[in-house]
Amino acid sequence: MKNSYQPTSRRRFLKKTLAGASLSALPVSLSAENALLLSIDSVEEGEAYWRQIRQQFGLRPNLILMNAANLCPSPRAVSEAVYAGTQDLDYDASFHNRKKFGELRTELRSKLANYLNVSIEEITLTRNTSESNNTIVQGLPLKEGDEVVLWEQNHPTNLLVWQVQARRTGFTVKVVSTPENPASPQELIDPFLQAFTPRTRLLSFSHISNTTGVAMPDELCKIAREKGILSMVDGAQSFGSRELDLSAIGCDFYTSSAHKWFLGPREMGILYVRQPLISELWPHLVAAGYEKHASDDIERLSSLGQQDIAKIPAFSKAVEFHEAIGQKQIAQRISSLASQLKEQIQSHFPQATLVTPVTKEMSGGVVIAQFPEQNHVQLFNQLYEQHHIACAPTGGLRFSPTIYNTPEEVTKVMDALTTLVS
Ligand SMILES: Cc1ncc(COP(=O)(O)O)c(C=O)c1O
């Protein structure tokens with residue numbers, strides 16, 4: 001399944017050496033040789049490392065941005081690449097100068113395929129998760145009598161869009177609820193098992209819910225496959241926040257955006273379709289050049305007319321940024337910050353309801369809590385206006401920390417909440 005692009009051996013770990021080395025120039029110019037050589041043997045050294053990573057971002061000083069589930073800033077290397085690509089196009093917008101962006105697109109798809117452990121033939125680019133989801137929903141030739149099983153916590157682009165399409169073509173949508181405080185992954189799986197029938201053609205769920213922070217078990221995809229049911233994973237909250245191996249997960253479709261946890265350019269997304277299924281899908285949009293693609297060419301599904309090709313090299317930089325730090329390290333850091341948030345919410349606010357499961361097995365970077373008798377929208381506004389803390393009023397108060405956040409910021413969030421929630 002692997003393709004030609006191979007990251008260097010630095011991919012999965014940070015080597016022990018160079019404690020205190022100057023990293024100011026680090027992922028700004030992410031060449032293959034530019035390994036992250038840092039000791040993370042102690043917590044202190046680990047924090048020094050993450051501070052260096054934070055410095056790669058042009059964040060507003062004193063702003064505590066904990067809203068990765070919604071939108072992330074890019075590291076400078078990525079935003080500079082957007083700017084450089086734009087300048088390049090503005091300098092020479094000829095067909096001749098633009099040709100290289102086609103090659104860069106292939107290189108990017110190859111890097112993404114490697115990152116996700118699938119083949120380049122199975123990855124294409126879209127504008128965001130919404131578009132990727134719609135490509136599958138509108139592309140699959142489902143008919144009356146077919147059944148689609150969805151998780152109640154799916155984002156509207158993976159719930160409402162199925163319901164609208166069902167009205168049009170006559171298939172049936174079944175929406176499945178899962179327990180509020182799941183005690184085990186099996187409790188998340190069982191309601192789906194009960195919903196499947198011989199008519200079920202597809203199962204679609206959010207990898208991690210944006211409204212509760214619950215992470216669905218990957219195992220669902222394998223179970224579906226065994227029953228001859230297609231599986232679609234909405235990865236808006238997992239791409240860039242956890243270790244991903246789509247081949248191991250065994251899903252048929254995976255969708256995501258570059259501009260959330262992946263820290264990539266805005267309005268870029270990915271779509272994975274397992275090879276044998278590509279030719280079964282209708283395009284949701286047909287533009288000039290559509291017919292030059294064979295039916296089993298996934299690029300056929302990304303026939304979108306003129307796109308902002310300047311962002312392609314920037315998306316590549318974002319992949320390099322993740323590879324340089326390592327998927328595992330990023331996932332562990334996010335998980336550690338999310339755990340700190342959960343622990344501190346529980347200890348500071350025993351009256352609050354932690355909507356997100358505590359266990360790492362059933363959660364990711366999204367942390368949601370509800371504070372009794374509080375207006376969460378008001379709290380969300382007060383946190384920003386009075387304490388410079390950016391979160392979201394989704395499902396209660398939603399904090400989604402990522403690699404530019406720190407344990408000190410978690411403490412500051414608790415201090416601010418203490419002044420607001422009596
Ligand atoms: C689970 C999920 N799916 C899809 C989306 C839509 O993402 P986008 O607006 O980037 O298309 C979101 C956005 O928050 C989401 O959380």
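These values consider heavy atoms only, across backbone and side chains, with no hydrogens, waters or symmetry-generated copies. Fair warning: this is a prediction, and the values are worked out from it, not measured in the lab.
Between Phe192 and Phe196, the ring planes are tilted. Angles from 30° to 60° get that label. Between His322 and Phe262, the two ring planes are parallel [angle under 30°; tilted spans 30° to 60°].
Not counting sequence neighbours, the partners of Arg127 by the salt bridge (Lys or Arg N to Asp or Glu O under 4.0 Å) test are Glu131. Legend: residues meeting ring pair (Phe, Tyr, Trp, His ring centres under 6.0 Å) with Phe253, ordered by chain and number and at least two apart, are absent. Partners of Lys174 according to the salt bridge (Lys or Arg N to Asp or Glu O under 4.0 Å) rule, which considers only residues two or more places apart in sequence or in another chain, are Glu147. Checked against side chain to side chain donor-acceptor pair (under 3.5 Å), Arg60 has the following partners two or more places apart in sequence or in another chain: Tyr384, His388. For Ala314, the side chain to side chain contact (heavy atoms under 4.5 Å, CB included) partners are Val78, Ala81, Val82, Pro265, not counting sequence neighbours. Under the side chain to side chain contact (heavy atoms under 4.5 Å, CB included) criterion, Leu420 pairs with Leu379, Gln382, Leu383, Gln386, His387, not counting sequence neighbours. In this view, Val173 and Leu150, Trp162, Gln163, Ala166, Phe171, Val175 satisfy the side chain to side chain contact (heavy atoms under 4.5 Å, CB included) rule, not counting sequence neighbours. Partners of Arg300 by salt bridge (Lys or Arg N to Asp or Glu O under 4.0 Å), not counting sequence neighbours: none found. For Asp252, the side chain to side chain contact (heavy atoms under 4.5 Å, CB included) partners are Arg225, Leu230, Ser231, Arg274, Leu277, not counting sequence neighbours.
The ring-ring contact (aromatic ring centres under 6.0 Å, His included) pairs that include a residue from residues 394-415 are Phe57-Tyr404, where partners are two or more places apart or lie in different chains. For the ring-ring contact (aromatic ring centres under 6.0 Å, His included) condition, the pairs that include at least one residue of residues 348-367, sequence neighbours left out, are Phe349-Phe371. Among residues at least two apart or in separate chains, salt bridge (Lys or Arg N to Asp or Glu O under 4.0 Å) pairs with a member in residues 393-414 are Arg54-Glu409.
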